[in-house]
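Just below is one structure, and these are the notes that go with it.
Only heavy atoms go into these numbers, but all of them, side chains included; no hydrogens, no water, no symmetry mates. Every value quoted in this text rests on a predicted model; they were computed, and no experiment measured them.
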Amino acid sequence: MNKSSQMEPVIIVLFGASGDLSARKVIPALYNLHLDGLLPQQYAIVGVARSSLTEETLRERFRQGVDQYSRRGPAKDQEWDAFAEHLHYIQSSYDEPTLYDRLTKLGDTGWETPPNIVFYLATPPNLFTIVIDQLGRFSELQGDIRYRIVIEKPFGHDLHSAKALNQRLLQVFEEKQIYRIDHYLGKETVQNILAFRFGNAMWEPIWNRNFIDHVQITVSEKIGIGRRGRYYDSAGALRDMIQNHLMQLLCLIAMEAPTEFTADQIRNKKVDVMHAIRAINKADVPAFAVRGQYGQGWMDGQPAQAYRCEKDVDINSNTETFAALKLFVDNWRWQGVPFYLRTGKCMPGRVSEISLQFRPVPHHPFAHLNTQVFQPNRLVLQIEPNEGVVLRTQAKEPGMGMKLKPVDMSYCYQDVFHQASPDAYETLLVDIMRNDPGLFMRADQVEAAWSVIDPILEVWSENTELNFPNYQAGQWGPPEAESLVAQDRRTWLLPISFEPKRGGCSVE
């Protein structure tokens, strides 16, 4: 059976069609879905932007994006032409009422089954409310699941603005129609966290404070800010990464088992985690949060410029390009277990990894022998660029005597499944068309995440950091980040993929 026959017709209205996000992510994902037979038999993609483009010019721009960013590589002419027939363009200002009169009538296609209409906001955040308010003129949209709206991050700038954005959305649409997209939740290895935890009997009995000493979540980026200077200088690492991506990873690690695999069940359990995170008083922020900004350094043997020298960045910018937090989840499962989160730009490499460090054995019978430094067991969930799971244990090294050595048991996605994982946007777009919101943020999730980091944002905005930049490009962050964990007699764990190869997953 053709997979597309199982899906209802759809029209995707892509606001911001001439922008970078559309060319790099959305259109390549839709093109791959087209090739895989995962789009409906009847569909249309209607680009909307202010740019003076012809339909043919927009199609050429989209093809360049596919050629450069699709996981399949450059498009073949015949396959591209079949896809391009579904691409259309409307040039308009976003506040033009006649645009929305036209868009809300797109459903009058004459197709046998009326299409679902997805309004996808791939625009800068300052345009979100303009589009939402214009759509709000049509009361028939509210509650009709055939109409859906997709919002890209950031979902607000702080708790107050996030609440205001949610209120505006809910005046026009019901929660079931709103898809707040966080592409991290579409990654195969992120989804695998749920399968790994709740599909195997051996993990849940030890997935708690009695066995786990602490959890580390590292999401590092090798690149700087590129052409995002104007946006990034008003956001910073805490807003750009921790409020959404890293907090969602924390929730997947810390949540309780859902009674069934449904969207509301999963999101309810994640919200429970958010509400259990210990509030940080403003006076205590220095003990729980560290910020940094990269200066000049070296990347791959080449000089790298400082953040303050990047395009569209204030020469005296106080924006953090690195952030690290220590959080506690105050419930029965996790009481007293610290969760260390860190993310940054211009770090030694691109890696997303979750490490669960187990408690040491209660008694070490080999202490009197000449062994290497004993390492506690460690479970590592590799998200990118390597995809897999690594369990580090102790084993006897061959030879006379009892000498222990850490060894890894691992499985790598590529080796096990022999196929490339779909791009995160492909997974999320299919879920939107199928009306499955399980991998998307609900309003209460967004607001709960902002509640956690708002006190930190307030303290950082009220106090200028005098020692910026405080880490060189190509380093793992500032010395203060080491102090954050060192005060607990711990240290940041080097990501598995940066260690000498010993059995973990790696990309050749």
Side-chain angles (χ1 to χ4, degrees), residues 182 184-185 189-219 242-280 284 287-289 324-342 352-362 376-383 389-393 438-439 441-442 444-449 451-453 484-485 488-490 492-493:
D182 182 342
Y184 250 65
L185 296 181
T189 39
V190 172
Q191 297 176 67
N192 188 49
I193 295 172
L194 294 179
F196 184 80
R197 283 192 60 190
F198 304 126
N200 298 291
M202 72 281 286
W203 297 116
E204 276 306 295
I206 61 172
W207 205 274
N208 56 58
R209 63 183 300 273
N210 295 320
F211 295 91
I212 295 175
D213 178 76
H214 70 279
V215 178
Q216 294 190 18
I217 303 176
T218 294
V219 178
I242 289 184
Q243 186 273 337
N244 38 73
H245 300 333
L246 277 77
M247 292 293 286
Q248 289 301 307
L249 295 179
L250 184 154
C251 286
L252 290 171
I253 293 297
M255 65 185 277
E256 297 297 324
T259 55
E260 55 184 346
F261 194 72
T262 62
D264 278 340
Q265 277 286 324
I266 294 169
R267 296 196 290 186
N268 288 344
K269 297 302 182 183
K270 289 163 72 175
V271 170
D272 288 344
V273 174
M274 292 283 194
H275 289 160
I277 294 176
R278 186 183 304 172
I280 301 175
D284 296 329
F288 290 89
L325 304 185
K326 177 172 67 173
L327 300 175
F328 289 93
V329 178
D330 287 336
N331 59 21
W332 276 49
R333 181 184 291 267
W334 296 110
Q335 189 65 39
V337 176
F339 286 74
Y340 300 105
L341 284 58
R342 64 172 172 174
S352 296
E353 186 173 291
I354 304 170
S355 287
L356 293 89
Q357 183 93 348
F358 288 88
R359 294 187 182 277
V361 295
N377 300 138
R378 176 182 172 191
L379 178 66
V380 182
L381 307 176
Q382 295 181 285
I383 298 170
V389 178
V390 179
L391 177 63
R392 178 157 297 172
T393 62
L439 296 177
M441 306 271 281
R442 208 167 57 189
D444 52 352
Q445 286 180 267
V446 173
E447 293 175 14
S451 297
V452 173
I453 71 167
L484 182 70
V485 295
D488 300 331
R489 296 185 178 181
R490 299 184 179 97
W492 288 108
L493 301 170

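- Here salt bridge (Lys or Arg N to Asp or Glu O under 4.0 Å) pairs that include residues 192-202, with residues two or more places apart or in two chains, are Arg197-Glu204.
- Note: Gln382 CD to Asn192 CG = 12.0 Å, rounded to the nearest 0.5 Å.
- For the pair Trp207 (side chain) and Ile253 (backbone), a donor-acceptor distance under 3.5 Å is present.
- The shortest side-chain heavy-atom distance between Leu252 and Leu194 falls under the 4.5 Å cut-off.
- Judged purely by atom type and a 3.5 angstrom limit, Gln445 uses its side chain to pair as donor or acceptor with the backbone of Arg442.
- Side-chain contact between Phe261 and Ile266 is present, with at least one heavy-atom pair separated by less than 4.5 Å.
- Closest heavy-atom contact between Ile206 and Phe358: CD1-CE2, 3.8 Å.
- Using a 4.5 Å cut-off on side-chain heavy atoms (C-beta onward), Asp213 and Arg490 make contact.
- A pairwise comparison of heavy atoms in Val219 and Ser352 identifies CG1-OG, 3.6 Å as the closest pair.
- Residues Arg342 and Leu246 share a closest heavy-atom pair of O-CD2, 3.6 Å.
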* Asked: Stepwise, does the side-chain contact (heavy atoms from CB on, under 4.5 Å) test hold for Val389 with Leu379?
  -> CA-CA 7 Å; Val389 178; Leu379 178 66; 3.8 Å; yes
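- Shown here for Asn210 and Asn208, the closest heavy-atom pair between the two residues is N-OD1, 2.9 Å.
- To the nearest 0.5 Å, atoms OG1 (Thr218) and CG (Leu249) are separated by 10.5 Å.
- Between Trp492 and Ala324 the shortest heavy-atom distance is CZ2-CB, 4.0 Å.
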* With side-chain contact (heavy atoms from CB on, under 4.5 Å) as the test, would you mind laying out the steps for Phe211 and Arg359 before giving the verdict? => CA-CA 6 Å; Phe211 295 91; Arg359 294 187 182 277; 5.8 Å; no
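- Remark: Gln191 CD to Leu185 CG distance equals 8.5 Å, nearest 0.5 Å.
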* Asked: Checking side-chain contact (heavy atoms from CB on, under 4.5 Å) for the pair Gln243/Val446: CA distance, chi angles, key distance, verdict?
  -> CA-CA 8 Å; Gln243 186 273 337; Val446 173; 4.3 Å; yes
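- Of all the heavy atoms in Ala257 and Lys269, the pair that sits closest is O-CE, 3.6 Å.
- Counting only distance, with no hydrogens or angles, the side chain of Asp182 and the backbone of Tyr184 share a donor-acceptor pair below 3.5 Å.
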Please set out all donor-acceptor pairs under 3.5 angstrom arising from side-chain atoms of residues 273-280, sequence neighbours excluded.
residue : atom : partner : partner atom : Å
Arg278  : NE   : Asp330  : OD1          : 3.4
Arg278  : NE   : Asp330  : OD2          : 3.0
Arg278  : NH2  : Asp330  : OD1          : 3.0

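- From Leu341, atom CG reaches atom CD of Gln216 across 10.0 Å, with rounding to the nearest 0.5 Å.
- Note on Arg267 versus Asp444: no salt bridge recorded, every NZ/NE/NH1/NH2 to OD/OE distance being 4.0 Å or above.
- Listed by first and then second residue, the salt bridge (Lys or Arg N to Asp or Glu O under 4.0 Å) pairs that reach into residues 246-257 are Glu256-Arg333, sequence neighbours excluded.
- Taking CG of Asn244 as the reference point, atom CE of Met441 lies at 6.5 Å (rounded to 0.5 Å).
- Here the CE atom belonging to Met255 is positioned 12.5 Å from the CG atom belonging to Asn331, to the nearest 0.5 angstrom.
- Residues Val380 and Glu353 have side chains in contact (heavy-atom distance under 4.5 Å, counting atoms from C-beta outward).
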* Should Arg378 and Leu493 be marked as a side-chain contact (heavy atoms from CB on, under 4.5 Å) after you check the CA-CA gap, both sets of side-chain angles, and the distance that decides it? -> CA-CA 10 Å; Arg378 176 182 172 191; Leu493 301 170; 3.6 Å; yes
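- Classification of the Tyr340-His214 ring pair by plane angle, with boundaries at 30° and 60°, yields perpendicular.
- A heavy-atom distance below 4.5 Å is found between the side chains of Trp334 and Phe339.
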